[in-house]
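Accompanying notes for the structure given below.
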Amino acid sequence: MSDHQFIEAKLWEGIVQYPPEFVERYIAKGYWQGQTISQFFDDCVQKYATRTAIICADCHITYAELAQKVNLFAVYLAQKGYQTGDSVVIQLPNIAEFFIAYFASIRIGMRPVMSLPAHRHAEVSHFIGQTEARLYICAEQHMGFDYRTLARECQSRCPSLQQVIVIGNAAEFDAWPELSTVANRYVITAEITARHVAFFQLSGGSTGTPKLIPRTHDDYLYSVRASAEICQLDENTRMLMVLPVAHNFSLSSAGSLGLFFAGGTLVLAREPSPGTCFELIQTHKVTHVALVPALAAKWVEAVQQGARNIFADLEVVQVGGARLPDALARQLIEDYDCCLQQVFGMAEGLVNYTRYDDSVETIISTQGSRISADDEIKIVDDEDQELPAGETGHLLTRGPYTIRGYFKAEEHNRKAFTSDGFYRTGDLVRMTSDGNIIVEGRSKDQINRGGEKIATEEVEQVLNQHTQVIQSALVAMPDHMLGEKSCAFIQWRREAHDPAPVRLNMQLRQHVQQSGLATFKIPDHIEFVEDMPYTALGKIDKKELRQRLIKASN
Ligand code: OOB
């Protein structure tokens with residue numbers, strides 16, 4: 001096998017490709033423009049060189065300065081021996097180095113995995129293992145957590161991992177390189193095409209482990225350009241980035257990439273508290289911000305408690321990631337006089353937006369309409385039969401920026417996609433006569449905790465490993481701030497010295513934490529039961545368990 005054939009084989013391993021007729025169609029319609037993310041970035045730099053791309057703490061970085069740092073870091077990576085098709089797990093808070101690492105690794109054909117700061121060693125080592133990543137990039141600490149301890153765990157578990165780069169005090173790991181000392185050699189741009197996978201997004205998941213979502217240059221950039229247009233971003237846009245930069249919402253809907261495409265300025269917030277963010281909004285005259293409903297509720301509360309009415313300065317507040325309650329939507333529009341845009345999207349692809357010129361009722365009560373006329377949407381019953389217009393059912397979708405399969409997940413893909421390539425979103429929706437989607441619920445076994453997704457099975461597997469647990473069931477319980485929290489129902493084995501499960505409650509939380517799962521996956525509440533309720537098919541009846549929680553909260 002030639003070198004070229006070897007790299008091609010590596011680049012397509014574990015990837016489900018778009019069928020040729022769809023490729024042709026998406027190219028013919030101009031969605032897929034054959035541009036790689038590196039070329040896209042170069043174009044932005046050429047157009048907006050002297051403008052400010054990023055404001056991070058006291059640092060203002062122009063597009064040209066960002067490009068220079070990206071090139072130097074790409075040279076550094078190439079000198080370390082990284083090659084086309086190698087993977088790197090990037091887990092950074094909202095700091096400029098995220099973009100340097102992201103664009104530089106893509107420049108040399110590496111494929112970054114978009115880990116979130118909340119992930120812990122169970123998730124991160126899984127991402128490293130799945131992609132055989134050679135490099136992991138993290139910050140020393142964020143929100144009180146020391147990522148070097150996580151790096152140590154991953155190093156002992158992941159044989160592929162060769163290098164860890166830590167921003168801040170690196171301890172025994174490699175420090176982020178002083179870029180001014182990198183020999184400024186010309187970096188050979190990787191021989192990849194826009195049809196290749198550029199990087200991996202992560203799925204919230206509904207089964208055991210989070211799945212990797214392979215996004216190609218072509219498909220991703222189409223969603224970015226189209227989103228920037230829908231959101232009407234331009235050179236005067238100043239966008240505050242509060243949600244984690246790596247999340248699909250933050251990166252592409254329209255997010256930082258949409259903003260760079262339009263030549264605007266990105267203001268990075270290290271943490272989402274109203275105190276920090278309101279000050280940034282004021283200082284930098286922020287025009288756009290994207291929030292999850294839980295954060296929007298917190299901000300509204302802070303405003304009520306006397307903080308300055310920050311919404312007066314903002315042009316657009318985007319809210320997405322979880323269902324925005326109508327009352328909160330109304331409050332945002334009416335009390336705070338801001339232009340609200342609902343965003344209903346998924347890392348797998350499909351994104352819907354309410355449009356600025358939609359009626360107030362549409363903006364308040366729907367989650368918007370698709371980006372593309374070629375986003376195919378089907379609403380079906382349990383037997384995959386399409387439902388009459390206006391009825392609620394399972395949302396299936398296929399289109400120019402929706403994946404055809406998760407990475408290296410053949411078995412799971414058979415369930416998550418129909419035979420003709422529609423992605424089963426797991427969302428229960430209905431469509432209004434004018435094409436707007438209303439999210440009514442969910443059929444997937446997932447909890448949406450203020451926008452952070454918990455695959456219940458992943459947590460149940462960990463709980464079930466505890467010696468005193470016979471079986472467990474994790475279900476959503478209503479929460480007025482987060483929308484949903486998690487409650488674990490535990491059928492437990494009594495122990496003589498602890499007839500009441502007082503100690504077990506604490507032990508189980510510790511057990512989940514020690515397993516290395518993200519902290520948001522630790523059950524918020526635990527209920528001990530003598531036995532589980534069952535469905536006619538003998539499965540644990542989660543509906544009944546949810547009902548019990550709703551009854552108890554009334
Ligand atoms: C975004 O992406 P993910 O991958 O973290 O989560 C996707 C899931 C959707 O399938 C749906 O269950 C839920 O999150 N969701 C919403 C929603 N936006 C997402 N549920 C109700 N209302 C909404 N507005 O969360 C994401 C990706 C790109 C843009 C925006 C959000």
Side-chain angles (χ1 to χ4, degrees), residues 114-116 118-119 123 200-206 210-213 215 219-220 223-224 226-228 230-231 241-258 289-296 317-326 328-329 332 340-354 362-371 375 377 392 394-397 399 401-403 406 416 422-430 436-456 476 482-484 518 520:
M114 301 285 92
S115 183
L116 301 174
H119 289 136
E123 291 98 358
F200 295 99
Q201 270 294 355
L202 301 170
S203 89
S206 52
K211 301 286 177 289
L212 288 137
I213 298 172
R215 299 294 301 257
D219 90 71
Y220 209 66
S223 77
V224 166
S227 296
I230 290 169
C231 301
M241 188 59 68
V242 188
L243 303 174
V245 268
H247 191 269
N248 200 49
F249 187 9
S250 308
L251 199 59
S252 68
S253 311
S256 50
L257 295 189
V289 66
L291 303 172
V292 289
L295 206 50
V317 176
Q318 287 184 311
V319 183
R323 180 68 151 89
L324 176 64
D326 289 12
L328 181 55
L332 281 163
L340 172 69
Q341 180 176 51
Q342 294 216 39
V343 189
F344 163 48
M346 52 209 70
E348 287 81 355
L350 180 70
V351 180
N352 303 273
Y353 297 97
T354 55
T362 298
I363 293 174
I364 287 175
S365 59
T366 83
Q367 281 62 60
S369 59
R370 61 196 176 166
I371 289 180
D375 281 323
I377 284 175
T392 300
H394 305 278
L395 169 64
L396 310 185
T397 186
Y401 60 98
T402 296
I403 56 161
Y406 293 103
F422 278 81
Y423 166 56
R424 298 182 191 276
T425 65
D427 291 313
L428 294 172
V429 306
R430 69 188 161 87
N436 286 294
I437 290 179
I438 299 176
V439 182
E440 296 284 11
R442 203 168 47 226
S443 57
K444 55 190 164 191
D445 213 348
Q446 190 184 72
I447 296 167
N448 192 333
R449 190 182 186 277
E452 292 186 302
K453 317 298 184 321
I454 305 171
T456 57
L482 290 171
E484 292 175 12
F520 68 83

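All ligand and atom numbering here is 1-based and tracks the order in the structure.
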Find the distance between [atom1] ([X]) and [atom2] ([Y]) and round it off to the nearest 0.5 Å.
X: S252; Y: Q201; atom1: OG; atom2: CD; answer: 7.0 Å
X: E484; Y: I447; atom1: CD; atom2: CD1; answer: 7.0 Å
X: L251; Y: S227; atom1: CG; atom2: OG; answer: 11.0 Å

Atoms in ligand 1 with a heavy atom of [X] nearer than 4.0 Å:
X: S253; value: 28 (C), 29 (C)
X: V343; value: 18 (N), 23 (C), 24 (N), 29 (C), 30 (C)
X: Q367; value: 22 (N), 24 (N)

Donor-acceptor check, side chain of [X] to backbone of [Y], threshold 3.5 angstrom: yes or no?
X: N448; Y: G321; value: yes
X: D375; Y: G399; value: no
X: R215; Y: A347; value: yes
X: Y401; Y: V351; value: yes
X: Q342; Y: T366; value: yes
X: E123; Y: A518; value: yes

Protein contact of [atom] - nearest heavy atom, named by residue and atom, plus distance:
atom: atom 21 (C) of ligand 1; result: R323 N, 3.2 Å
atom: atom 9 (C) of ligand 1; result: D427 OD2, 3.3 Å
atom: atom 4 (O) of ligand 1; result: A347 N, 3.0 Å
atom: atom 3 (P) of ligand 1; result: K453 NZ, 3.6 Å
atom: atom 23 (C) of ligand 1; result: A322 O, 3.4 Å
atom: atom 18 (N) of ligand 1; result: G321 N, 3.0 Å
atom: atom 7 (C) of ligand 1; result: G345 O, 3.3 Å
atom: atom 30 (C) of ligand 1; result: F249 CG, 3.5 Å

Residue-ligand contact Q342/ligand 1, heavy atom below 4.0 Å: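 Heavy atoms of Q342 never come under 4.0 Å of ligand 1.
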
Below 4.0 Å from ligand 1: does a non-hydrogen atom of G204 turn up there or not?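 Not so, G204 does not reach ligand 1.
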
H247 N/O to ligand 1 N/O under 3.5 Å: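 Yes; at least one N/O pair falls below 3.5 Å.
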
Going by distance only, is there an N or O of L324 that falls short of 3.5 Å from an N or O of ligand 1?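 So ligand 1 has no N or O lying under 3.5 Å from an N or O of L324.
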
L202 and H119, any side-chain heavy atoms less than 4.5 Å apart: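 The answer is yes; the side chains approach within 4.5 Å.
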
Pick one of side chain, backbone, both or neither for how K444 approaches ligand 1, counting any non-hydrogen atom pair under 4.0 Å.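 Side chain only.
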
